[in-house]
2 protein chains.
Amino acid sequence: MKIGDLAAKTGVAPRLLRYYEEVGILHPFRSSNGYRTYGEPAIDRVLQIRELLESGFTTEMIREVLPCLEAAKEETEAPACPAVKDLDGLRRQLSSIERRIDVLQRNRHAIETYLRAWEDAMAATPTAADGVPVPVSE
Amino acid sequence: MKIGDLAAKTGVAPRLLRYYEEVGILHPFRSSNGYRTYGEPAIDRVLQIRELLESGFTTEMIREVLPCLEAAKEETEAPACPAVKDLDGLRRQLSSIERRIDVLQRNRHAIETYLRAWEDAMAATPTAADGVPVPVSE
DNA sequence: CTAAACCTTTCCATTAATGTGAAGGTCAAG
DNA sequence: CTTGACCTTCACATTAATGGAAAGGTTTAG
C-alpha cells in the first residue's frame with residue numbers, strides 16, 4: 001500500500017503520515033523506488049494514532065505507549081518486549097491517563113448537570129424562537 | 001491580589017496569567033495604576049484552567065465551558081445564564097469529552113493489562129539487576 | 001513518447017501554548 | 001531621593017501539530 005492509499009483509507013493527509021514517521025510512531029517499508037510501503041496493520045495503527053492525538057496525547061507519549069498497546073492486543077500470554085526499555089515511564093503514563101480521566105469525568109458531570117438544569121428550565125418556561133427562555137414577570 | 005501573588009499561589013507564571021486574560025478565560029480588574037487585580041476565586045479558576053489544559057482542552061474550549069462549570073458549582077437551582085449563547089456547542093463539548101473518556105479508559109485498560117503481565121513475568125522469572133528478565137534456557 | 005497522477009525531499013507558514021527580554025511606570029524601604 | 005522589586009506593554013523565539021508549495025523522480029494510461 002502506498003502513502004496515498006493509506007491516506008484514503010484513514011482520512012489522514014499524506015503530509016501527516018510522513019510526519020508520524022518522522023517522529024517515530026509509524027514505520028513504513030521502502031520499496032526500491034523509494035516509495036513508502038504500508039501493510040494492512042498500518043490502517044489500524046494510524047486510526048489509533050489519530051484517536052490518541054485527538055484525546056490530547058502528544059506524539060512523544062504515543063511513541064512510548066503505542067508499542068505496548070499493540071503488544072497488549074496480541075493474545076500472547078507472556079508480554080512481548082517492545083517497551084521494556086522504560087517500564088517506569090509506562091507507569092507514569094498510566095497515572096497521567098488516570099488523572100486525566102478523572103478531570104474529564106468531573107467536568108463531564110458538571111456539564112451534564114448544567115445542561116439538564118437548562119433543559120428542565122426550557123421545558124417549564126415559555127421560550128422564544130431562539131431557544132432563550134422568556135422572562136416571566138410576576 | 002496582584003499578578004505575582006496569584007502566580008505564587010497557583011504556580012502559574014505571570015506571563016501565562018496575562019495570556020489567559022488575552023484569550024478571554026481570566027478577567028482581572030485593573031486598579032488605578034494599571035495593575036491587574038485578582039480576587040480569591042481567581043486561584044481556583046486558574047487551577048481549574050491548568051487542569052483542563054493539561055487534560056488536552058484548548059483555551060477556546062475552556063472559554064466555552066468554564067462559565068458553565070462555575071455556574072454548575074453554585075447550588076442555584078435555576079441555571080444562571082452565562083453560556084446561554086451556545087447550548088448546542090456545550091452539547092458538542094460534552095460528547096467530545098465522552099469520546100475522550102472512552103479512548104482514555106480503553107488505553108488505560110490496555111496499559112494496565114500490559115503492565116500486569118510484565119509484573120507477573122518479573123515475579124516468576126530470575127531477573128538481572130536492571131529489571132530485565134533473564135532468558136531461561138531449557 | 002508524453003501527460004497525468006502519483007511519489008520523493010526540502011523548506012517555509014500557521015496556530016496554540018509558552019518562554020524571554022527590552023523599555024518603561026509604580027511603589028515601598030532605606 | 002534613590003534603589004530594588006514589582007508592574008505594564010510590545011515583540012520576538014520556540015515547540016508541536018499541521019498545511020502547503022517547489023523541484024524533481026516514477027509509473028501508468030493513452
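Only a predicted model underlies this, so the values are computations on that prediction, with no experimental measurement involved. Just so it is clear: chains get the letters A, B, ... in the order the sequence lines come, proteins before strands, and each one is counted from 1.
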Check your understanding: If you measure from CD on B:Q48 to CG on B:L53, what distance do you get to the nearest 0.5 Å?
Key -> 10.5 Å
Check your understanding: Has A:H109 got more than 12 heavy atoms of other residues, nucleotides or ligands less than 6.0 Å from its NE2?
Key -> no
Review point. Are B:V103 and A:I43 co-members of a hydrophobic cluster defined by side-chain heavy atoms under 4.5 Å apart?
Key: yes
Distance-only donor-acceptor pairs under 3.5 Å for side chains of residues 5-19 of chain A, two or more places apart:
| from | atom 1 | to | atom 2 | distance (Å) |
| --- | --- | --- | --- | --- |
| A:D5 | OD2 | A:K2 | N | 3.1 |
| A:T10 | OG1 | A:L6 | O | 2.8 |
| A:T10 | OG1 | A:V12 | N | 3.3 |

Point to revise | Sidechain N-carboxylate O distance under 4.0 Å for B:E64, B:R91 | key: no
Exercise for review: For residues 49-58 of chain B, pull every pair meeting side chain to side chain donor-acceptor pair (under 3.5 Å), keeping only residues two or more places apart or in separate chains.
Suggested key: A:R106-B:E51, B:Y20-B:R50, B:R50-B:E54
Check your understanding: Of all heavy-atom pairs between B:M1 and B:G39, which one has the smallest distance, and what is that distance?
Key -> CE-O, 3.3 Å
Exercise for review: On DNA chain C, check which nucleotide each of B:N33 and B:T58 is closest to and give me the residue with the more 5' one.
Suggested key: B:T58
Study note, to complete from the structure: Separation between CD1 (A:I62) and CG (A:L52), nearest 0.5 Å, reads 5.0 Å
**Study point:** Heavy-atom closest pair, residues A:I49 and A:I25
**Key:** CD1-O, 3.6 Å
**Study point:** Inter-residue atom distance B:D88.CG - B:Q93.CD, 0.5 Å rounding
**Key:** 12.0 Å
Review point. Taking five pairs at each end of the helix from C:dC1-D:dG30 to C:dG30-D:dC1, what angle separates the two helix axes (nearest 10°)?
Key: 10°
Check your understanding: Contacts to DNA chain C from residues 5-22 of chain B, heavy-atom cutoff under 4.0 Å, which residues?
Key -> B:R15, B:L16, B:Y19, B:Y20
Point to revise | Positions of residues 38-56 of chain A (non-hydrogen atom under 4.0 Å from DNA chain D), listed by number | key: A:R50, A:L53
**Study point:** Value rounded to 0.5 Å, distance of CG in A:L115 from CZ in A:R108
**Key:** 13.0 Å
Practice item. Name the first nucleotide and the last nucleotide along DNA chain C (5' to 3') that come under 4.0 Å of a heavy atom in chain B. Key: C:dA16 to C:dC27
Review point. In terms of heavy-atom contacts, does CD of B:E60 have more than 12 from other residues, nucleotides or ligands at under 6.0 Å?
Key: no
Review point. Rounded to the nearest 0.5 Å, what separation is found between the OH atom of A:Y38 and the CD1 atom of A:I3?
Key: 4.0 Å
**Study point:** Distance, rounded to the nearest Å, where A:E60 contributes CD and D:dA17 contributes C1'
**Key:** 14 Å
